[in-house]
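In what follows, a structure is listed as structure tokens, so that the remarks can point back to it.
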Amino acid sequence: MSEERRGYLYGLTAYTLWGFFPIYFKLLQPSPALEILAHRIVWSVLFVALVLTVARNWSFLGRLLRTPRLLGGITLAAILIGINWGTYIAAVNSSRVVETALGYFITPLVSVLLGVTVLRERVRAWQWVAVGIGALAVVILTLDYGHLPYVALTLAASFGCYGLIKKRMSLPPAEGLFVESGVLALPALAYLTWLNLSGGAEFGHVSATHTALMLVSGIATAIPLLLFAGAANRVPLVGLGILQYVAPILQLACGVLIYHEPMPAARLAGFGLVWLALVVFTFDGIRHTRAAARERAAAAATAATAGGSAAAALPSR
């Protein structure tokens with residue numbers, strides 16, 4: 001198997017696992033969202049610490065501690081991913097799986113807006129068209145819900161901002177997850193301690209299966225992320241961009257087909273516009289990538305021709 005095919009396999013597996021997360025988090029009931037989130041954070045720290053110990057890869061901590069700006073960025077990233085995780089878990093366990101899928105469908109469009117407003121990137125005309133269609137979809141869904149789809153917008157905004165910060169820091173996935181979970185671990189442990197002392201904890205009091213599922217929440221968090229890292233190193237950016245739609249498609253299927261959440265005509269129309277925006281966005285990305293590749297190939301051919309002509313012009317000795 002070639003490295004690129006291996007990368008696609010890693011990526012597809014990662015996004016498929018993320019796509020079936022609603023089923024996993026539903027199984028963690030009757031624990032409330034905050035208890036699930038706290039356990040997810042604590043067990044993520046322990047699991048990733050084990051991975052780093054086996055790999056003997058702790059040298060990054062020295063660089064981190066010597067760079068206050070990097071530490072501040074990771075703290076902000078930790079807060080954002082904590083908001084994202086908590087919102088997602090609460091939405092899934094309050095039967096709003098469809099809205100979580102919407103959030104991850106519109107995340108690429110939010111990333112475009114962040115690129116314009118924060119990084120001052122130039123946006124191509126078709127990207128603006130995609131953003132405009134996405135904005136129209138949000139208006140229609142707002143009318144359908146009777147309020148802004150705040151779960152979807154919170155998920156998209158928190159994950160988009162998280163991705164922006166991660167892009168600037170360039171920490172590898174395992175190390176990044178360890179530090180981010182570590183920042184949140186103390187508050188999570190304090191909350192779990194209070195919950196146990198007050199007698200409100202569900203962990204350990206529901207069933208052996210429930211306890212086991214809570215214990216493996218760290219593994220469930222880390223494994224898809226590590227698979228995604230393996231894909232990112234092997235698969236072209238366009239390929240990754242297309243793969244990212246696997247997770248929300250599966251989440252939407254879970255919400256509609258398994259948990260029978262409503263999908264009235266107006267909501268379906270809103271989702272249809274989101275999908276149209278993503279088609280436009282993806283098509284423009286593929287076209288731009290191919291054009292850039294042709295330009296690089298032409299430049300390389302020109303350079304090679306010029307080099308050959310210069311060599312031929314040198315006097316012989």
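- Atoms CG and OG1, from L17 and T221 in turn, are 11.5 Å apart once rounded to the nearest 0.5 Å.
- Shown here is F159, whose CZ atom has no more than 12 heavy atoms of other residues, nucleotides or ligands within 6.0 Å.
- F25 contributes atom CZ, which lies 8.5 Å from atom CG of N93 (distance to the nearest 0.5 angstrom).
- The number of heavy atoms from other shown groups lying within 6.0 Å of CH2 (W275) is above 12.
- Between the side chain of E180 and the backbone N or O of A77 there is no donor-acceptor pair closer than 3.5 Å.
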Go through it in stages, so that I can follow the logic: the residues are I219 and W43, the test is side chain to side chain contact (heavy atoms under 4.5 Å, CB included), and I'd like the CA-CA distance, side-chain angles, deciding distance and then a yes or no. CA-CA 8 Å; I219 299 175; W43 298 118; over 6 Å; no

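- The CG atom of L257 sits 9.5 Å away from the CE atom of M263 when rounded to the nearest 0.5 Å.
- Ring centers of W85 and Y88: at least 6.0 Å apart, outside the cut-off.
- In terms of modelled atom types and a separation under 3.5 Å, the side chain of H210 and the main chain of G204 share no donor-acceptor contact.
- In this structure, T107 OG1 and L114 CG are separated by 10.0 Å, a value rounded to the nearest 0.5 Å.
- The line from CD1 of I133 to CG of L276 is 4.0 Å long, rounded to the nearest 0.5 Å.
- Between atom CD1 of residue I41 and atom CG of residue L177 there is a gap of 10.5 Å, rounded to the nearest 0.5 Å.
- Residue R124 qualifies as enclosed at atom CZ: its count of foreign heavy atoms under 6.0 Å is above 12.
- Criterion: ILVMFWY side-chain heavy atoms under 4.5 Å apart, direct or through other members. Under it, V280 and L136 are part of a common hydrophobic cluster.
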Passes side chain to side chain contact (heavy atoms under 4.5 Å, CB included), L215 versus F203? Steps please. CA-CA 9 Å; L215 287 171; F203 177 72; 3.8 Å; yes

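- Checking each of I83, I81, L80 against C161 for a side-chain contact (heavy atoms from CB on, under 4.5 Å) leaves exactly one that passes, namely L80.
- Counting heavy atoms of neighbouring residues, nucleotides and ligands inside a 6.0 Å radius, atom CH2 of W128 does not exceed 12 of them.
- Remark: side-chain polar atoms of E35 are paired, donor with acceptor, to backbone N or O of E202 under 3.5 angstrom.
- Under a hydrophobic-cluster definition in which Ile, Leu, Val, Met, Phe, Trp and Tyr are linked whenever side-chain heavy atoms come within less than 4.5 Å, directly or via other members, V246 and F283 are assigned to different clusters.
- For Y24, the OH atom sits in a packed shell: over 12 heavy atoms of surrounding residues, nucleotides or ligands are nearer than 6.0 Å.
- By the criterion of side-chain heavy atoms lying less than 4.5 angstrom apart, applied directly or through intervening Ile, Leu, Val, Met, Phe, Trp or Tyr residues, I223 is not grouped with L50; the two fall into different hydrophobic clusters.
- Y145 has its side chain out of reach of Y150: every pair of non-hydrogen atoms, C-beta onward, lies at least 4.5 Å apart.
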